[in-house]
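Heads up: the structure comes next, in structure tokens.
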Amino acid sequence: MAAKPLFGRGLRLLSVITAITLLTGFALVFFYAPLDADQGVIQKIFYVHVPLAIVSLCGFVAGGLMAIQQLRTRDRAWDMRSYVAIHLSIVFGVAVLITGSLWAKRSWGHWWVWDEPVLVSYLIVFLLYCCYQPLRFSISDPDRQSRYASVFAIAAGAFVPINFVAVRLAVQHVHPRVLSETGGHLPGKMMLAFYVTLLGVALLFATLWKLELTSKNASEQLRRLRRSFEETPPGELPAEAPEPVGVG
Amino acid sequence: MIPAAWAMLRKDLRIELRTRESAPAMILFSLTVFVLFHFGVRRDEIDGALASGVLWVTVLLAAVLGVNRLFASEREGRALDGILLAPVDRTAVYLAKAAALFLYLVVLEVVAVPAFAILLLGPGLGGALPELPLILLVADVGLAAVGALVAALAAEARARDVVVPLLVLPLYVPLLIAAARATEPLLTPHPGPHGLAKWLGFTGVYDTVFLLVAVAVFDYLLED
């Protein structure tokens with residue numbers, strides 16, 4: 001078994017690009033984009049909240065697509081990718097709900113508003129995906145675990161758009177929404193700051209995703225090394241001596 | 001595939017007729033929930049959005065019971081292995097289970113909806129015919145399509161009783177929105193504008209999407 005490189009290729013470069021993009025984005029948000037006339041400085045949370053929401057929803061759907069790939073190819077690596085994507089999206093989702101609540105409290109006076117369709121549909125999707133891990137880890141057989149997790153990821157991925165349509169149909173539009181017409185009303189400076197932060201958050205997701213996969217890969221290799229070491233009688237070298245794994 | 005599904009469905013219905021474990025439990029449960037709502041909202045008669053919501057939440061909760069029991073007979077006797085030995089398409093298993101759940105739901109509603117009208121509903125069911133049965137049937141297809149998939153998904157999980165409601169109820173939310181909205185004007189004494197076609201159409205789309213997804217992925221659940 002040839003040792004795979006311990007770090008995913010390009011991880012370091014990707015992290016640097018992510019850091020630069022995010023910092024540029026935040027600099028634009030605070031020093032370049034104008035202050036919102038209505039809402040003041042709290043509106044800046046929009047540049048974190050909306051990109052996080054968009055990226056995590058894309059992460060959920062991407063997890064579903066990777067799950068399709070897993071079922072088609074029977075490659076456990078795709079299951080791992082799908083799992084990490086969904087897992088990260090849940091973490092981002094917590095941040096989405098917290099920033100959304102803060103924003104709602106400041107601009108509408110309530111921690112939670114039921115007539116904001118995007119927020120409500122997001123909560124439903126989030127609640128559904130919260131069951132992904134309990135379901136996954138309550139199945140002990142690894143092969144079956146990856147298949148069942150993939151089936152869940154596909155069904156839930158199909159659920160995301162349907163749910164958004166249903167909630168949007170149900171809610172009469174009361175509040176003016178910043179992004180409802182996909183930023184059509186945003187002034188150019190705000191738009192630029194928004195797109196840069198969106199790109200930054202997307203890159204952040206990609207970096208964390210790669211990092212998590214790398215760490216899973218590393219612990220898997222470590223386990224394999226330890227097993228081959230323990231199985232070897234003392235005084236002998238392991239039959240297939242694993243090459244030392246390179247760093248960087 | 002259809003003969004195999006039909007045979008499985010007949011087997012399930014025969015077991016249900018002999019043990020009476022699913023549909024009667026769902027009916028009793030729904031009656032209990034009506035009593036709970038009576039005390040919970042402290043009203044003798046309800047109408048409009050509240051009535052529609054109470055009816056549909058009760059149907060959904062009762063459906064969870066049915067979903068939980070759907071693979072019970074296979075699980076208890078490890079009978080699924082036997083079924084999988086038969087040289088038939090796995091999709092037949094899904095279709096049979098979904099059809100069985102659909103029939104349980106219809107039986108449930110035949111009893112629970114009139115009971116709801118007697119126990120809680122203010123305006124009476126006269127104004128809700130014939131639209132309400134139609135809404136119930138279209139929504140039942142979706143409930144059964146998603147329910148059978150989740151039942152199979154959770155069948156192997158250790159904490160099955162917890163996983164099923166946590167999984168199936170969020171998935172049912174779009175159906176609840178559409179069905180409750182479609183039912184609301186039917187239970188109102190002086191209804192306003194009626195969005196029946198829109199909500200029925202949405203429910204139809206939901207049914208179709210999840211039936212297709214379930215048929216596409218179900219094979220992978222019953223592989224070994």
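Note on naming: letters A, B, ... go to the chains in the order of the sequence lines (proteins, then strands), and numbering restarts at 1 for each one.
Remark: the backbone N or O of Q69(A) is paired with a side-chain donor or acceptor of T73(A) at under 3.5 angstrom.
The only option from Q70(A), R144(A), R74(A) that meets the side chain to side chain contact (heavy atoms under 4.5 Å, CB included) definition with Y220(B) turns out to be R74(A).
Highest contact tally toward chain A, considering only V163(B), L167(B), V217(B), L166(B), is held by L167(B) [criterion: heavy-atom pairs under 4.5 Å]. Of the listed residues (I68(A), L128(A), L71(A)), the greatest number of heavy-atom pairs within a distance under 4.5 Å of chain B belongs to L71(A). Note on P170(B), A152(B), A180(B), A214(B): by heavy-atom pairs under 4.5 Å with chain A, the leading option is P170(B). With chain B as the partner, the residue from C130(A), S138(A), A166(A) showing the most heavy-atom pairs under 4.5 Å is S138(A). Here V151(A) is the residue among I139(A), V151(A), L127(A) with the most heavy-atom pairs under 4.5 Å with chain B.
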Pair F164(A)-Y122(A), ring pair (Phe, Tyr, Trp, His ring centres under 6.0 Å): steps then yes or no: CA-CA 8 Å; F164(A) 267 77; Y122(A) 195 88; 7.5 Å; no
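Within the 4.5 angstrom heavy-atom criterion, no atom of V125(A) approaches chain B. In this structure, chain A has no heavy atom under 4.5 Å from any part of A178(B). With a 4.5 Å cut-off on non-hydrogen atoms, I177(B) touches chain A through its side chain but not through its backbone. At a 4.5 Å heavy-atom cutoff, the contact between L149(B) and chain A is made by side-chain atoms alone. Of the two parts of S150(A), neither the backbone nor the side chain holds a non-hydrogen atom closer than 4.5 Å to a non-hydrogen atom of chain B.
For the residue pair W56(B) / T183(B), a side-chain donor-acceptor distance below 3.5 Å is found, with atom types taken as modelled. Counted by atom type alone, R136(A) and Y132(A) present one or more donor-acceptor pairs between their side chains at under 3.5 Å.
The distance from atom OG of S82(A) to atom NE2 of H87(A), rounded to the nearest 0.5 Å, is 12.5 Å.
Of all heavy-atom pairs between V64(B) and P165(B), the closest is CG1-CB, 3.9 Å.
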